[in-house]
Amino acid sequence: MSEVQDKREPELMQKLVSLSKRRGFVYQSSEIYGGLKSAYDYGPMGVELKRNLMSEWWTAMVHSREDVVGIDASIIMHPSVWKASGHLASFSDPLVDCKVCGERFRADKAPKVEAGADAPMEFADKGKAKDAHEKLAKLAPDVAFTREGKSVMGAKAGDRGYVCPLCGSPFMSEERQFNLMFRSSLGPVDPMGAAAEMIQRTLAEQGADALKANLRKILDEAVQSSAVYLRPETAQAMFVNFLNVQQSMSMKVPFGIAQMGKSFRNEVTVEHFIFRSCEFEQMEMEYFVPPGEGPKWLEYWRNQRLEWWKKMGLSAERLRLRAHEKDELAHYSDGTYDVEYDFPWGWDELEGVASRTNYDLNAHATASKKKLEYFDPEADDPATGKKGWRYMPHVVEPAAGATRGVLAVLCDAYAEEAADAEGKGERTVLRLHPRLAPIKVGILPLVKKEGMPEVARRIADEFFRAGVTAKYDEQHAIGRRYARHDEIGTPYCLTVDGDTAADDTVTIRYRDDRRQERIKVAEALDVVKKALADA
RNA sequence: GCGGGAAUAACUCAGUUGGUAGAGUGCAACCUUCCCAAGGUUGAAGUCGCGGGUUCGAGUCCCGUUUCCCGCUCCA
């Protein structure tokens with residue numbers, strides 16, 4: 001069986017979840033209270049893995065380049081940021097689902113029809129009309145519907161005063177407020193107190209009917225005055241800090257601002273373990289370029305990012321770039337590529353590399369009335385042909401999911417090896433990139449006597465002092481200890497044996513092929529450091 | 001949001017027509033062991049997801065609920 005087929009096993013996710021818990025990578029949040037939906041905690045191994053991945057990103061995107069600098073912005077930002085970016089509007093409009101054709105739409109944008117008026121329905125073809133007719137018979141058994149070609153007649157508009165924009169049906173779900181952003185309130189005063197007060201006052205001054213009619217509005221107003229939102233993406237902090245960063249660091253376009261951190265979205269559906277959760281971690285970079293250079297940099301960054309994921313050890317054949325179709329593009333983008341990974345459930349997004357034009361800077365410039373522009377004294381202004389060009393940069397954004405990255409890395413690293421002809425060597429191994437591995441070195445006395453533990457502990461101390469994650473381990477037989485380290489992805493094990501006392505050497509054992517070499521104790525730290533650097 | 005399945009020890013699971021809670025692995029201690037989950041002895045560990053109900057008695061039957069998985073739908 002090939003490895004590819006191994007990983008296609010439907011149980012892979014279950015095995016990963018089980019291993020994650022058993023070996024301290026990921027636990028369900030608040031497990032002793034029955035768990036919290038879609039919230040996960042990173043255990044001692046998981047936190048190392050995630051930090052290593054994010055640290056590799058930071059190194060590649062910030063430290064190793066002079067055109068990108070980092071920031072670490074507040075998760076809570078001024079509510080106007082989300083108003084300007086469009087998140088507040090699109091995240092809070094009341095949505096309804098048509099019960100006939102399944103279309104989901106904004107109630108305020110739907111065609112208005114007076115209550116009681118005829119509501120003829122029209123479908124794409126006769127077959128769809130027939131399906132709809134059958135569905136309608138169940139939805140409203142006491143109405144006599146008639147079908148004519150692609151149309152179904154007989155329905156009357158209801159009290160809502162609108163019909164489905166797609167098929168014209170008046171049958172739809174309740175209006176639902178989709179709050180995709182997490183709302184909270186800033187300040188120690190409970191906004192519910194203000195709400196209660198306003199309700200009491202309206203009741204006293206205007207009576208019960210007025211209160212009933214305006215209840216929702218009153219509540220909204222009371223909450224809105226102190227409302228703040230947890231960021232649904234880290235990107236906006238980089239747009240609103242564009243001038244701060246550009247001026248304080250004297251950055252010249254093209255340049256980028258990078259940020260890693262948590263974001264929050266009330267996803268409609270959460271799924272696939274840590275893949276899509278309401279609280280997640282992003283690694284985003286906004287790269288500011290002159291107008292017209294978006295396509296060039298989009299191509300540059302999508303290739304850079306694909307290569308980076310490969311460097312992190314993900315199999316090349318499980319990675320691909322996919323261009324967004326025109327109708328798939330977000331409102332702010334004129335071109336987007338997804339870096340996709342072939343997860344156990346199929347291809348899915350790891351990172352989006354989007355050309356965001358000047359949409360965001362423009363939106364914030366308009367809303368804040370600040371000039372979010374860049375002046376290039378060297379370039380010629382294309383409009384006048386004169387030296388000196390002031391413009392609003394365009395942006396190319398590689399936005400990666402750190403949490404998704406961890407899952408991809410785990411999926412790709414997981415392998416089960418069958419026993420050999422002698423029935424030995426069966427194991428589960430995480431073939432993590434050595435720099436991502438939570439523990440770099442296992443330090444093991446072959447047996448727990450003859451001074452071996454003492455020597456091994458001295459070697460371990462040396463690694464601790466050097467800041468290389470190491471684990472001293474004397475429990476159980478040597479084979480089990482190797483197996484345990486294989487399961488958490490430890491790339492190297494140093495074993496003190498009977499020869500160590502005589503010639504100051506230990507064996508170094510490699511995780512992937514179980515190969516062993518003898519090396520000098522004095523050189524062990526350097527050997528491991530070099531292996532990590534070269535990996 | 002809809003439909004289906006599941007939840008018993010840290011993990012994987014068994015538990016018969018309702019009658020005192022089980023195994024393997026792992027974990028801990030000791031012995032043995034000079035290299036790939038070796039062997040032996042001993043031990044700890046479970047309000048059977050949670051809450052109700054039926055019953056003399058519920059892991060088992062019924063209702064509710066939470067969480068996870070699969071499919072659909074939806075979102076970015």
Side-chain angles (χ1 to χ4, degrees), chain A residues 10-24 27-40 43 86-87 90-91 95-99 101-105 173-174 176 178 180-181 232-233 235 263 265-273 275-276 278 280 282 324 328-333 336 338 344-345 348-349 351-352 354 399 401 404 417 419-420 422-429 442 444-450 452 475-487 493-501 506-511 513-516 518:
Chain A
E11 308 90 54
L12 173 57
M13 284 302 288
Q14 281 171 43
K15 288 175 175 173
L16 269 181
V17 172
S18 158
L19 177 111
S20 289
K21 181 178 177 187
R22 188 160 39 90
R23 291 299 185 204
Y27 316 119
Q28 164 102 88
S29 163
S30 317
E31 198 183 11
I32 63 168
Y33 289 107
L36 182 67
K37 193 175 189 167
S38 165
Y40 294 92
H87 288 89
S90 66
F91 277 17
L95 298 179
V96 292
D97 294 323
C98 174
K99 284 185 176 171
C101 69
E103 176 78 354
R104 173 169 289 179
F105 57 93
S173 68
E174 290 300 307
R176 281 174 301 191
F178 275 70
L180 257 50
M181 282 200 292
E233 62 176 23
S263 294
R265 290 180 200 169
N266 273 314
E267 299 286 357
V268 177
T269 315
V270 293
E271 58 188 351
H272 303 311
F273 195 35
F275 179 80
R276 176 179 285 127
C278 293
F280 59 105
Q282 294 185 294
H324 277 210
E328 194 183 354
L329 287 173
H331 59 281
Y332 51 73
S333 176
T336 298
D338 281 349
W345 62 89
D348 220 328
E349 180 182 352
E351 171 159 3
R404 289 178 177 190
E417 291 180 5
D420 60 20
E422 294 166 26
K424 293 182 118 183
E426 182 181 353
R427 64 170 180 167
T428 298
V429 55
L444 324 168
L446 186 60
V447 293
K448 220 185 332 180
K449 58 181 188 185
E450 293 166 22
M452 292 179 204
Q475 212 60 256
H476 297 299
I478 188 72
R480 284 200 211 187
R481 283 177 275 164
Y482 286 145
R484 216 154 44 197
H485 276 292
D486 287 342
E487 224 178 11
C493 284
L494 298 174
T495 303
V496 173
D497 59 20
D499 296 340
T500 305
V506 290
T507 61
I508 181 168
R509 180 260 193 190
Y510 297 92
R511 174 195 67 201
D513 52 11
R514 312 185 214 207
R515 191 176 82 247
Q516 286 187 9
R518 283 208 87 81

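Both backbone and side-chain heavy atoms feed into the values below; hydrogens, waters and symmetry mates do not. A note on names: the letters A, B, ... follow the listed sequences, proteins ahead of strands, and every chain is numbered from 1.
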task: Give the nucleotide from the list B:C70, B:C69, B:C34 with an atom nearest to the side chain of A:M452.
output: B:C34
query: How far, in whole Å, is B:G52 from B:G15 if one measures between their C1' atoms?
result: 25 Å
query: Expressed in whole Å, how much space separates the P atoms belonging to B:C11 and B:G18?
result: 29 Å
message: Could you tell me the Watson-Crick or G-U partner of B:G57, where both distances fall under 3.5 Å? Say none if there is no partner.
response: none
- prompt: What are the two closest heavy atoms between A:M452 and A:G498, and how far apart are they?
  reply: CE-N, 3.6 Å
- request: Compare every heavy atom of A:D338 with every heavy atom of A:T336, then report the nearest pair and how far apart it is.
  value: CG2-OD1, 4.1 Å
- request: Round to the nearest Å and state the distance from A:D348 atom CG to B:C75 atom C1'.
  value: 12 Å
field: Spacing of the C1' atoms in B:U17 and B:U60 (rounded, Å)
entry: 11 Å
task: Taking all heavy atoms of A:P232 and all of A:H87, pick out the closest pair and write down the distance.
output: CG-CD2, 3.8 Å
message: Taking the nucleotide of RNA chain B with the nearest heavy atom to each, does A:E349 or A:D497 sit closer to the 5' end?
response: A:D497
- prompt: Can you find a donor-acceptor pair, distance only, under 3.5 Å between A:S18 side chain and B:C11 base?
  reply: no
- prompt: With sugar-phosphate meaning primed atoms plus P, OP1 and OP2, does A:T500 contact a base, only sugar-phosphate, or nothing at under 4.0 Å between heavy atoms?
  reply: nothing
Side-chain donor-acceptor distances from residues 476-486 of chain A under 3.5 Å, at least two apart:
unit_1 : atom_1 : unit_2 : atom_2 : d
A:R481 : NE     : A:Q475 : O      : 3.3
A:R481 : NE     : A:H476 : O      : 3.0
A:R481 : NH1    : A:P445 : O      : 2.7
A:R481 : NH1    : A:D473 : O      : 2.9
A:R481 : NH2    : A:P445 : O      : 3.2
A:R481 : NH2    : A:L446 : O      : 3.1
A:R481 : NH2    : A:H476 : O      : 3.2
A:Y482 : OH     : A:T495 : OG1    : 2.7
A:R484 : NH2    : A:D473 : OD1    : 3.1
A:R484 : NH2    : A:D473 : OD2    : 3.0
A:H485 : ND1    : A:T490 : OG1    : 2.9
A:D486 : OD1    : A:R427 : NH1    : 3.4
A:D486 : OD1    : A:R509 : NH1    : 2.7
A:D486 : OD2    : A:R427 : NH1    : 2.7
A:D486 : OD2    : A:R509 : NH2    : 3.1

- prompt: Below 3.5 Å, does any donor atom in the side chain of A:R509 face an acceptor in the base of B:C36, or the other way round?
  reply: yes
- prompt: Which heavy atom in A:Q28 sits nearest to a heavy atom in A:G35, and how many Å separate them?
  reply: CG-CA, 3.9 Å
query: Nearest-Å distance, CH2 (A:W345) to P (B:C69)?
result: 10 Å
- prompt: Does a nitrogen or oxygen in the side chain of A:K21 sit under 4.0 Å from OP1 or OP2 of B:C11?
  reply: yes
task: Could you please name the partner base of B:U67, counting Watson-Crick and G-U wobble pairs only when both distances are under 3.5 Å?
output: B:A6
query: Is there a Watson-Crick or G-U wobble partner for B:G18 with both distances under 3.5 Å, and which nucleotide is it?
result: none
task: Go through B:C69, B:C36, B:C34 for me and flag the one nearest to the A:Y482 side chain.
output: B:C36
message: Please check: side-chain N/O of A:S38 versus main-chain N/O of A:C278, any donor-acceptor pairing under 3.5 Å?
response: yes
- request: Can you spot which of A:R276, A:R404, A:K37 makes a salt bridge (Lys or Arg N to Asp or Glu O under 4.0 Å) with A:E271?
  value: A:R276
task: Take atom CZ of A:F275 and atom P of B:C75, then tell me their distance rounded to the nearest Å.
output: 16 Å
- request: Find the partner of B:G46: check Watson-Crick (N1-N3 plus N6-O4 or O6-N4) and G-U wobble (N1-O2, O6-N3) distances, both under 3.5 Å, and reply none if neither fits.
  value: none
- request: Classify the angle between the aromatic ring planes of A:W345 and A:H272 as parallel (below 30°), tilted (30 to 60°) or perpendicular (above 60°).
  value: parallel
query: Roughly how far apart, to the nearest Å, are B:A28 and B:A10 at atom P?
result: 15 Å
message: Using the P atom as the point on both nucleotides, what is the distance between B:A23 and B:G43, in whole Å?
response: 13 Å
message: Rounding to an integer number of angstrom, what distance separates B:A21 and B:U25 when you compare their P atoms?
response: 24 Å
- prompt: Can you check the A:E271 CD to B:U67 C1' distance for me, whole Å?
  reply: 16 Å
message: Would you measure the distance from the C1' atom in B:G26 across to the matching atom in B:A45 and give it in whole Å?
response: 12 Å
Could you write out each protein N or O paired with an N or O of nucleotides 22-29 of chain B at a distance under 3.5 Å?
unit_1 : atom_1 : unit_2 : atom_2 : d
B:C27  : OP1    : A:R484 : NH1    : 2.3
B:C27  : OP2    : A:H476 : NE2    : 3.1
B:A28  : OP2    : A:H476 : NE2    : 3.3
B:A29  : OP2    : A:Q475 : OE1    : 3.0
B:A29  : OP2    : A:Q475 : NE2    : 2.9

query: Whole-Å distance between B:A10 P and A:L19 CG?
result: 17 Å
field: A:V17 vs A:R404, nearer the 5' end of RNA chain B by closest nucleotide
entry: A:V17
- prompt: Counting only Watson-Crick or G-U wobble pairs whose two distances fall under 3.5 Å, which nucleotide matches B:U41?
  reply: B:A29
message: Using a 3.5 Å distance criterion without hydrogens, assess whether the side chain of A:S18 forms a donor-acceptor pair with backbone atoms of A:Q14.
response: no
- request: Could you state the atom-to-atom distance from OH of A:Y33 to C1' of B:G49 in whole Å?
  value: 15 Å
field: A:S20 and A:Y40, any side-chain heavy atoms less than 4.5 Å apart
entry: no
- request: Could you please name the option among B:C69, B:C35, B:A37 that lies closest to any side-chain atom of A:I478?
  value: B:C35
statement: When rounded to whole Å, the CD to C1' distance for the pair A:Q28 and B:G49 reads 11 Å
- request: Rounded off to whole Å, could you give me the CG-to-P distance for the A:L444 and B:A37 pair?
  value: 14 Å
message: Taking B:A14 as the reference, what is the distance to B:C36 when you measure between their C1' atoms (whole Å, please)?
response: 31 Å
- prompt: Closest to the A:E450 side chain: B:U67, B:C34, B:A76?
  reply: B:C34
message: Distance criterion of 3.5 Å, no angle test: do you see the side chain of A:Q516 paired donor-to-acceptor with the base of B:C35?
response: yes
Pair assignment for B:C72, Watson-Crick or G-U wobble, requiring both distances under 3.5 Å: B:G1
task: Please tell me which of the listed nucleotides, B:C69, B:C35, B:U33, lies nearest to the side chain of A:Q14?
output: B:C69
